[in-house]
Participant: 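Before we start, here is the structure in question, set down as structure tokens.
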Amino acid sequence: MAEVSQKEAVANSVINPEAVKPVTSGTRTEAEQRGSDIRDKLKNQGARETLTDMLKTDAGQVSIDKTIDGNIAGTFDAAGNKIRTPEAARRFKDANEAADKVYDFLDKGTAMDPAKLAEITDDLRNVIALVPEMDDLLNGLSGTQVEALLQEKLQDPKFREILQEKMKGISGTKIEDDSQAEANRKAQKEAERVRKAKEDEVNGLGGQLKNVTDRLDEYKSGGKARDRLDEIETNLPDLKQKAEDAETALRGIDRRAMTYENQRVMLLDQLNKQYSSSSTDITEKLKTVDEELAKLDKERAEKQKVVTEHQSQLKEQKELKEKETAYQKEQQELQAKQTKASRELSDLTSDANELKGRVALSDRERADLEEKFVRSIEAVFINTSVDYLKGEISAAEAENQKIMEENLAKAKDALEKGVFTELKDGGRWDRTRTVGGLLGKPRTTVEINKDAVNMDYATLLLDGPESLVRGILTEQNPTLTDDEIDEKMNDKDFVDKASETAAKQLLMKRIKSGGKISEPEAYKIATSEWGGKALKAALEDNAAAKKMIEDLNIQGALKGTTPAEWARNNPSAIRLLLSILVGGASLAAGVAVAPIAGAGVALGGAGGGAAKWYRSWSS
Amino acid sequence: MQISEEYKKTLEKNIVEGIAYGVENQTIQQNELADIAKFVLDHIDMITTQEELKQFLADLTAKWPSLEHVALVAKRDLDQQEDMQAAEHVTDLLKEGQLDEALTAAKSATEE
């Protein structure tokens, strides 16, 4: 029971948040902001409307956020934060801003931030500019009318549907981690470590080599060791002679000393025997002998010093030379080691640089993919506009095709069947051409026969579509007499249907073949009896065109109720209408080659450029 | 017993509040909103009885447990309504002099 009460208390706090909501300060988290937005909607629009709005809240927003975060690479610091390079951070920001714009539009529609809405409207306007007839129309409208027309398109649920579908596709885009790139990155790190160790080794050897070279430098002219050796070698000949003399003298000293020693032994012996009587004399003699011995010792020491000096210098000379040899050997060994280590360092540096290059290449490739991904979000409104317009035109074309099939199905006789078949297939204005054959198999292509189109177009403008129908009947049935042709041409139902279809098909061929319907020509068609009838009749059958007229009426771009009135009011609108009536052939042809799969990158969001691109293609 | 349109509006409001709370506390993710909204809008208009309402709430909380609080409040409302109806029924029986039936009805309501 207690548990239920507690739960109820929580439940009450959930559904009555104002009563218990703690006072918070500081910035709201994203989640808190979203919760608050839902409450605001509930308060302003009611629960039902808020739930309906949630239906539109595609999972895409969260999904695209995650996709962007995952697709724009970075490294993780110790705290687990993703660290991006300045370039990657810029891409991350651009992608999020573009995605936010999309979801802001999906959430608020044309009530979104006016500056962002203007960008979206520009995208649609730029795509429309790809179609000369539509571009002409927009140029013929006032700024307010254009704005209203574009906003109406943006509010079309179909536009929104296409946009959501595209964002869904983008959300599913995953830039895969290149496993080889990761392996290269690791290998490059290890290679750099090994290279650095080798560099330290080479530097260490360089230090040792310098040390030994410094020591060897002492043996060079002017060096301390060289000076000493030179000094010794200069001294040695004289010193050697002196030492030899000293040794000879030493031998004489030894001999004399031995004699004095013998005398001393004898005197001591005598002294022992005659101690009491004549000892004074002996003692005097002993004193003299000791003095002589002392002199000899002194003399020996002097001579010995000379000998020792000679030996010492010989030893010093030998040691200095041995050291020089040892230093030279050490220098050679160190030089060999340094050469080997330097070669190894060169190889390791080369390996490390190659890996560094590979990593840089991988990074660049990855950056390119990320740029494309960002551009796919930035260009989503352009691509949506392209698909949206393409869809509108396809629908119009499908309706036209349906009408022609119905005409054919309702044909009352072989004559009608023949005429409607030719008009449906459009073969009258086509010709086959064989291409290739020199190197490969010849191919037969079907193309529009411009001469035939131009000739019939002139007939249409001068004499009206009935002349065209009569011509077709005559050509298809050469055995019929003029009276028989006249009889068929008196069948009003047939002539009306065939005339309308012939005019539409011919105008379509005219546009498809790159021919223009000038404003005066459009005016002539719309104000002619047959043109007015054809336009009115076609409008009844063509929902897309009908909607277009309604839209234009709403915008005030077409005043009146008949094509003649519309033409007088806005000739460029009539050109567009003609285009739509014949299936919007030019638009369909134009957008068919737009780089939709490439996220519209080639369009680049630049309307002028896009229109130029279209025109260069279509001319 | 019939569920009134007015009560369903209250329930819708409570559900939206529950969603807002869940979003704030991140027990409901943004990508679940469309599904929850679809489920509610698809079912709520068809609810006419208490049993259907209970089933709706059971299904809702099975799919999104964080909306359990909303279901709890709705259940409390239902219980209160049932109690009131039982009391009215007992009072009616007493007025009609059906003492035994009234006692049985009261006992039955208490046991429930």
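Note that these values count all heavy atoms, side chains included, but never hydrogens, waters or copies made by symmetry. Just so we're on the same page: letters track the sequence lines, and every chain starts at 1.
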Participant: Could you measure the distance from the CD atom of B:Gln26 to the CD atom of A:Glu32? Nearest 0.5 Å is fine.
Facilitator: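 Nearest 0.5 Å value for the CD-CD distance: 8.5 Å.
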Participant: Measure the CG-CG distance between B:Leu33 and A:Asp53 for me, rounded to the nearest 0.5 Å.
Facilitator: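 The CG atom of B:Leu33 sits 11.0 Å away from the CG atom of A:Asp53.
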Participant: Do other residues, nucleotides or ligands put more than 12 heavy atoms under 6.0 Å from the NZ atom of A:Lys82?
Facilitator: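 Result for NZ/A:Lys82: enclosed.
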Participant: Check whether more than 12 heavy atoms from other residues, nucleotides or ligands sit under 6.0 Å from atom NZ of B:Lys8, and answer yes or no.
Facilitator: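 Counting other residues, nucleotides and ligands, NZ of B:Lys8 exceeds 12 neighbours.
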Participant: What's the spacing between B:Glu17 CD and A:Thr50 OG1 if we round to 0.5 Å?
Facilitator: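 Between atom CD of B:Glu17 and atom OG1 of A:Thr50 there are 9.5 Å.
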Participant: Taking NZ, NE, NH1 and NH2 as the nitrogens, is one of them in B:Glu24 or A:Arg39 under 4.0 Å from a carboxylate oxygen of the other?
Facilitator: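 Salt bridge: yes.
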Participant: Once you round to the nearest 0.5 Å, how far does CG of A:Leu42 lie from CD of B:Glu12?
Facilitator: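 Going from CG on A:Leu42 over to CD on B:Glu12, the span is 10.0 Å.
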Participant: Just do the side chain to side chain contact (heavy atoms under 4.5 Å, CB included) check on A:Met54 and B:Ile19 with the steps written out, would you?
Facilitator: CA-CA 10 Å; A:Met54 278 181 201; B:Ile19 293 171; 3.9 Å; yes
Participant: Can you check side chain to side chain contact (heavy atoms under 4.5 Å, CB included) on B:Val40 and A:Arg48, steps first, answer last?
Facilitator: CA-CA 10 Å; B:Val40 174; A:Arg48 177 56 63 113; over 6 Å; no
Participant: Can you tell which part of B:Ile44 gets under 4.5 Å to a heavy atom of chain A, answering side chain, backbone, both or neither?
Facilitator: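 Side chain of B:Ile44 only, per the 4.5 Å heavy-atom cut-off to chain A.
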Participant: About how many Å separate CD1 of A:Ile38 and CD1 of B:Ile28, when rounded to the nearest 0.5 Å?
Facilitator: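 Between B:Ile28 CD1 and A:Ile38 CD1, I get 8.0 Å after rounding to 0.5 Å.
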